[in-house]
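Since the structure comes first, as structure tokens, the remarks are kept for the end.
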Amino acid sequence: MKAKIIITPKKAVLDPQGKTVQGALEHIGYNGIRAVHIGKYIEIELDSDDRESAKKQLEEACYMFLSNPVIEDYKLEIE
Amino acid sequence: MKAKIIITPKKAVLDPQGKTVQGALEHIGYNGIRAVHIGKYIEIELDSDDRESAKKQLEEACYMFLSNPVIEDYKLEIE
Amino acid sequence: MRFAVIQFPASNCDQDAIYAIRFLGHNADFVWHKENSLNGADVVIIPGGFSYGDYLRTGAIARFSPIMQTVCEFAKNSGIVIGICNGFQILCEAGLLPGALIRNRSLQFRCEHVFLKPATFNSPFTCKIPQEKLLKIPVAHGEGCYYASPETIQELKTNDQILFQYCDKDGNLTEQSSPNGSLLNIAGICNQTRNVCGMMPHPERACELILNSEDGNFIFQSIIHSLSKTADKTAIKS
Amino acid sequence: MTEPKITPELIQKHNLSPQEYEQIKAVLGREPTYTELGIFSVMWSEHCSYKNTRPLLKTFPTKSPRILVGAGEENAGIIDIGDGLAIAFKIESHNHPSAVEPFQGAATGVGGIIRDIFTMGARPICVLDSLRFGEISNSEVRRLFNGVVAGIAHYGNCFGIPTIAGEVYFDEAYEGNPLINVFCLGVLKHNQIARGRACGIGNPVFYVGPATGRDGLAGAAFASQDLTDESAEQQRGAVQVGDPFMEKLVCEACLELLATGAVAGIQDMGAAGLTCSTCETAARADTGIEIELKKVPQRAPDMTPYEIMLSESQERMLIIVHKGREEEVKTIFDKWDLPWAQIGYVTDTGRMVVKYDGKVVADIPAKAIATESPVYHREAREPSYISEVRSFKIEQIQRKFEPSEQLELLLANPSIASKNWVFRQYDYMVRNNTVVYPGSDAAVIRIKADCLPPDPEDVNIGSATKITDAKISEKFIAVSSDCNGSYVYLDPYEGSKLAVVEAARNLACSGATPLGVTDNLNFGNPYNPELFWQLKESVRGIAEACRALNTPITGGNCSLYNQSPIGQIDPTPTIAMVGLIEDRNHITTQWFKDEGNTILLLGLPVDVEDPLQGLGGSAYLRTVYGIKNGTPPRCDLNRAILLNETILGLIHGGSIKSAHDCSEGGLATCLAECCISHQIARNTPALIGAEINLTKEVIEKFKLDSDKILPEALLFGETQNRVVITTLPQYAGKILSRAAIYNYPAAIIGKVGGSKLIIKTDVGEHLWDVSKLYDIWWNSIAKAMH
Ligand SMILES: Nc1ncnc2c1ncn2[C@@H]1O[C@H](COP(=O)(O)OP(=O)(O)O)[C@@H](O)[C@H]1O
Ligand SMILES: [Mg+2]
């Protein structure tokens, strides 16, 4: 089983990386870009097959540890 | 329209961050973790609605710029 | 001898490179990244720093600057290019050097002096280093762990492209002596044609005793020496 | 757009008292608008107005012939260092934001203080960080510590400024309310000083730097309240994120623009952002200013005038340009790919007028908000704990003197242990000027021609600036920051004097003549009379010590309301002192140099007139017995002055090989540090041993009676005004007679050499392997963090 976690900067929070990459993409010649956001991707390979309990456990890990809830949001998916 | 790009370190490349997070998760009591991989998540908001051409353009951007093929793989999705 | 030091937004060791070269009595000036001429320089230095904040990936954005086209041309025509720290990262991103630099294994930035063992003297960057000499030169980076595929590493070895390796004070290539966990303790390499060099340590920060080491000068003197040799040859020919 | 109605609750939420609200109405002659209420609330907050501390700060010495820009005049003070050169420096706290988000809080703290320096027209050349955390054994503390250090590293390294010195203390008292004080120093020529003044009626006002978002809304107000779970929660929604890359560009662009002479006035947007920068520049210049908020670049949709005015988005500057020279601004900022906007102009009305889409949303006399805030004289009362502290006697503890283990314990104490885990994450060398790295008493940085901001002839508008070949006469600046919070807690007056004196001593040991001080007063809630007493006593001590040492205060920062949900912090007035070295041969480091060098102690081994003999508030009592009690060591200012003069005289005479002051952990710790603190390269210390004799015969040379000295006081007591120096044997006699001329106690106590530290006392011979001591000291923090 695999857990996939996407962590993104909160919308209200400044994302200097995203802004700079947007600028670079435009500079290289990509047009029509409204915004770029850059976050983290975490993949966790798990032994167990119990989706429910894994989800519950990892939700907590996401909030407490993997993301920084002050400035980031996260999305957890179990596959 | 939105493009979502996930960039992960190639399996052969060492991922000290993944290792550290795995260690930390185990330390706080999460068991049964086989591996942790840490990558990047990029979201691009686009003006256009033409999926096909966006996809083509961005494939190139992913390969040429957003990822480094020496050390990373990417996955592009358009939504 | 004229050195061009490329200035990207947030190149911040640019000034140090100029200082070190002028300290040796040669000319050095900035070239702005939006320009596309090197103004007749003999050597190009891509300096350290955090070009474009190192956002996305170190060196990833800078290599799209207009001046990098010119630098690539210059390199193709056997021009001497040295990338230091962020400059090394940019050269890898630009494909002028093989491999990539990833995060230090400690996951922390490291600033300290290290010892370097020249792995070859057959290059314009190492030819004037005395045999048996270990260089004491500082590093200051968060992403200096050199990585390349096994095939590339093999090629580097076969072609004698490894220039510097981290070592301890007695010259042993120990794991402990590397500040970042690079494969084979690699601190610097050159391309196959031996005119492009990338290195993580900062020779420009080791250019006078008051800064704790003068060992960096061996590298610049090697460059100057090999260029004046070719200059002599062309002078004889013409 | 409709604005909320102003109610008593709303006023209270803005941290304004009913009387203050009356005062606002009196200033305006009417009810304020909502936007105006917000403006008053931030400008009259403690953080911006210093309303509770101003009467105290007035007592600081602020004058000397070297001062070019004095305390309070501008964003930072400026001191003349001769030959037409000057330095600008200042310290600032970012305590509350770092408690909420350590990485970004600390990072933006660095960004803020760097802006204060280049705003003055100076090129920032170094940063110093003074940090306080709870006990390192606590995992939450480790998270904060890790985040703060990474944040400082991130910002400073990316900006390309060396972080060359600092301090780190761990003490329960700071749990939940860490202290993050950051200092920055810049250099410039006298004729390059820029002013934060909105001069020249009709001059256009430019906004440069990134767009405004809702970041740190009313951060100044947040810093002016007790740190509670609730206030922290509110602030979470509005965390400021630093962008060092942007700041580097803004700095270079501003220095380039200043060189063109097109700038009439310049100010950073720090606390209270656009509000503070507009009203302060107008107030300083005796002019008015009018801006249109629609023209302000905005990052978030639908921002209200209130939000735009109070936002603390980072890396923004306000620039007043000479009319007709707008093109230069545009060309330079375009070159650096930086956003800019012309948002208003200077008026002659004395008012700050803010419009939104042509409609006036605020119209306030600029001086009324910038300089005429209310001032309060708070009540001060000696706290009850003080009498208990004063009555502490050494007999109250069960003494166990086991020097072998105890020295090791002290060296492992994370407040004393090497801070390499911290400073190896900082680029302390970038720009080729750092001459003495972190790890000696004071860091030393060189000033060479390329440290200066560009001159007009260097600017090549639209292309790279040139670096001049011009030579300047080489100079060196030494910096040190010091404050032992335990001492200040135990006796705010003496403890604060000690902080000043220690900073000066660190500079003298490095060969530098002290020039001036910037202070960061980290204290508790001023409305609490006992806490206010700490502040008042501390200011009295700092003022007295700075006056005596002839080191005027050139500026500083007050951070009050420091308390965690658990309790009060130790009052912590961080002293950052700056000194000058004019000759490279005078630069001195703390570590022992060569086998056979003679070791001398300048100063009395123990202050026997202190009933606690220097053990009060010592690291020894804390580490071995777990107590923070007793009166701190006595601070004799005259001795401090004499000692500094003696050391500097000796250093200038060329006979000193090393000099290290005794501070936490006492003489034994100091000697151990001399043996182990020289790091040549990664994993390569330069270790050297020493043989020390502190038996009766040596103690008598100081005219002291050995029998009256407690053995632990001799090794670990923190008696002040002591320095360990080394010299070639043939110079020792000369040094002793020199000290005698200054009437300063001194004697030979041993010699350098071997691989062991051996200390002989009347109770026996104590012996340590220096490699073992090194290992303990060097790795202690890394181990704790693992
Ligand atoms: N946070 C820090 N950043 C940079 N350097 C530091 C930091 N903390 C301590 N140092 C350096 O470590 C050395 C020892 O610090 P400290 O124990 O506070 O010295 P002292 O007691 O002499 O004031 C000094 O050179 C100091 O500048
Ligand atoms: Mg000291």
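When reading the values below, keep in mind they use all heavy atoms of this one structure, side chains included, and skip hydrogens, waters and symmetry mates. In what follows, chains carry the letters A, B, and so on, assigned in the order in which the sequence lines appear, proteins first and then strands, with residues in each chain numbered from 1.
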| field | Heavy-atom donor-acceptor pair, D/N432 side chain to C/E204 backbone, under 3.5 Å | value | yes

| request: Assess whether side chain to side chain contact (heavy atoms under 4.5 Å, CB included) is satisfied between C/D54 and D/C158, documenting all intermediate values. | output: CA-CA 8 Å; C/D54 270 356; D/C158 179; over 6 Å; no

| query | Under a 4.5 Å heavy-atom cutoff, which of D/V435, D/N420, D/T434 has the most pairs with chain C? | reply | D/V435

| Heavy-atom distance under 4.5 Å to chain C: side chain of D/T684, backbone, both or neither? | side chain

| message | Before you tell me yes or no, could you show the steps for C/R205 and D/D427 under salt bridge (Lys or Arg N to Asp or Glu O under 4.0 Å), namely the whole-Å CA-CA distance, both residues' side-chain angles and the distance that decides it to 0.1 Å? | response | CA-CA 12 Å; C/R205 293 189 190 184; D/D427 188 341; 2.8 Å; yes

| task | Could you pull out all residues at least two apart from C/H141 that satisfy ring-ring contact (aromatic ring centres under 6.0 Å, His included)? | result | none

| note | Rounded to the nearest 0.5 angstrom, the CG-CG distance for C/N12 and D/N157 is 9.0 Å

| field | D/N683 side chain reached by C/S177 side chain, heavy atoms, under 4.5 Å | value | no

| request: Go through D/D243 and C/Y55 one step at a time and tell me if the side-chain hydrogen bond (donor to acceptor under 3.5 Å, both in side chains) criterion holds. | output: CA-CA 10 Å; D/D243 184 353; C/Y55 295 140; 2.6 Å; yes

| query | Do D/K448's NZ or CZ and the ring of C/Y19 fall within the cation-pi criteria of under 6.0 Å and 45°? | reply | yes

| remark: When the 4.5 angstrom heavy-atom criterion is applied to C/S106 and chain D, the contacting part is neither

| remark: Bottom line for D/L249: the part with an atom under 4.5 Å from chain C's heavy atoms is side chain

| query | So which of D/H154, D/R424, D/K248 has the biggest tally of heavy-atom pairs under 4.5 Å with chain C? | reply | D/R424

| query | In terms of side-chain geometry, is the basic nitrogen of D/D337 or C/K34 positioned less than 4.0 Å from the acidic oxygen of its partner? | reply | yes

| field | Part of C/Q176 within contact of chain D (heavy atom distance under 4.5 Å) | value | both

| remark: If one checks every heavy atom of C/S178 against chain D at 4.5 Å, the contacting part turns out to be backbone

| D/F476, part contacting chain C, at a heavy-atom distance under 4.5 Å | side chain

| query | Does a donor on one side chain and an acceptor on the other come within less than 3.5 Å for D/R431 and C/Q15? | reply | yes

| Is C/Q108 close to D/W421 at the side-chain level, that is, under 4.5 Å between some pair of heavy atoms? | yes

| Heavy-atom check, side chain of D/Y437 versus side chain of C/H113, under 4.5 Å | yes

| query | Of the backbone (N, CA, C, O) and the side chain (C-beta and beyond), which part of D/I680 lies under 4.5 Å from a heavy atom of chain C, both, or neither? | reply | both

| task | Inspect the contact between D/D450 and C/R22 and indicate whether a charged nitrogen and a carboxylate oxygen are less than 4.0 angstrom apart. | result | no

| said: Please confirm whether the ring centroid of C/Y52 lies under 6.0 Å from the ring centroid of D/F245. | reply: yes

| said: Contact between D/M429 and C/C111 at the side-chain level, heavy atoms closer than 4.5 Å - yes or no? | reply: yes

| Above 12 or not: heavy atoms from other molecules or residues under 6.0 Å from CD of D/E457? | yes

| What are the two closest non-hydrogen atoms of D/A464 and C/Q7, and how far apart are they? | CB-OE1, 3.3 Å

